[in-house]
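So that the names make sense, note that chain A is the first sequence line, chain B the second, and so on, each numbered from 1.
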There are 2 protein chains.
Amino acid sequence: MRIGEVARGAGVSVRALRYYEEQGLLVAERMPSGHRRYPKSAVERVRFIQLLYAAGLNSRTILQILPFLDTLVATPRMTQRLRDERDRLRTQIDDLTTVCDRLDELIGLAVRAESAPAECAAREEGKPADP
Amino acid sequence: MRIGEVARGAGVSVRALRYYEEQGLLVAERMPSGHRRYPKSAVERVRFIQLLYAAGLNSRTILQILPFLDTLVATPRMTQRLRDERDRLRTQIDDLTTVCDRLDELIGLAVRAESAPAECAAREEGKPADP
DNA sequence: CTAGAACCTGACGTTGGCGTGAGGTTCAAG
DNA sequence: CTTGAACCTCACGCCAACGTCAGGTTCTAG
């Protein structure tokens, strides 16, 4: 596949793919012309990379995890890395859940507050308050 | 309270507090000398700000949420903002959970892989493989 | 009174994950 | 053959949340 196809397939920019290559996350063969050529599996790989990015991992960490995906052979250091990241993720999920709950509380309060003085809503709409 | 006390109390840097002020997230009175003076509640407020930052909200968004904390009066636009952020958070939590599960899968595979060929571990230790 | 800790205001540096040209080559279609 | 899309390599730009240094003032303890 060509770089544009992979980009469209994975929903990222061409620039991003070149950046991943720069970081060593995604290798590509080259055609005689210099154009990059990717296997079809690249799309899935890029999606996974995006997932890890979204989870807050940086390129360096992803780089330490990805080789394992290819080989399915892990050194103790590597599995420890995986465990560390998983634990970090769990902690983060707990934190986010806490924030989510607090936002829910606030929303509960907010609804009551806005239903009380009708002026607020009216003011927000740019209308005068019920003459 | 003085800025150093708040910083230590909330576990952030003095620089961070000045930055929050710059962003309008944390107002401070001034002493005649120009030194900032905070109410005790500032510590809790800063902790909450940190929580929101950790949840991926940016200064602008936090700025839209914080006034509500003080007044407990919300415009429809504000509650919608809260709801949007909560929903975004839920989605993100789901994503992170997905990643977490995938990492767990990988860890399961990794353990088996490293227990099989003892060479890998040995190689990682920098020793030759059991001659 | 004096040292040193804590504070002040700029203002520039950093990091990561790309965006965005500039300027040139290659490919596919008519 | 030509044209326009897609590709290439630099290389600078950007944004957010601070870190950090400079150069100066203020507070507190002995």
Whole angstrom is fine here: how far is it from CD in A/Glu29 over to C1' in D/dC8?
18 Å
Exercise: do A/Asp94 and A/Thr97 side chains pair donor with acceptor under 3.5 Å
no
What is the distance from CG of B/Leu51 to C1' of D/dA17, rounded to the nearest Å?
17 Å
Whole-Å gap separating C1' (D/dT26) and CZ (B/Arg37):
14 Å
What does nucleotides 16-30 of chain C look like as a protein-contact string, B for base, S for sugar-phosphate only, - for none, at under 4.0 angstrom between heavy atoms?
-BBBB-----SS---
Look up atom CG in A/Leu103 and atom CG in B/Asp84, then write down how far apart they are to the nearest 0.5 Å.
11.0 Å
Send over the distance from B/Arg36 CZ to D/dT25 C1', rounded to a whole Å.
14 Å
Using whole Å, report how far CD1 of B/Ile62 lies from P of D/dA16.
12 Å
Using whole Å, report how far CD of B/Glu21 lies from P of C/dC7.
14 Å
Rounded to whole Å, CZ of B/Arg18 lies from P of C/dT9 at a distance of 7 Å
In terms of side-chain geometry, is the basic nitrogen of B/Arg18 or B/Glu21 positioned less than 4.0 Å from the acidic oxygen of its partner?
no
Report the C-alpha separation of A/Thr98 and A/Asp95 in whole Å, then their side-chain angles, then the decisive distance to 0.1 Å, and conclude whether the side chain to side chain donor-acceptor pair (under 3.5 Å) test is met.
CA-CA 5 Å; A/Thr98 300; A/Asp95 289 353; 5.3 Å; no
Is there a side chain to side chain donor-acceptor pair (under 3.5 Å) between B/Ser59 and B/Tyr20? Walk through the geometry before answering.
CA-CA 8 Å; B/Ser59 299; B/Tyr20 296 164; over 6 Å; no
Tell me, please, which residues at least two apart from B/Arg2 pass salt bridge (Lys or Arg N to Asp or Glu O under 4.0 Å).
none
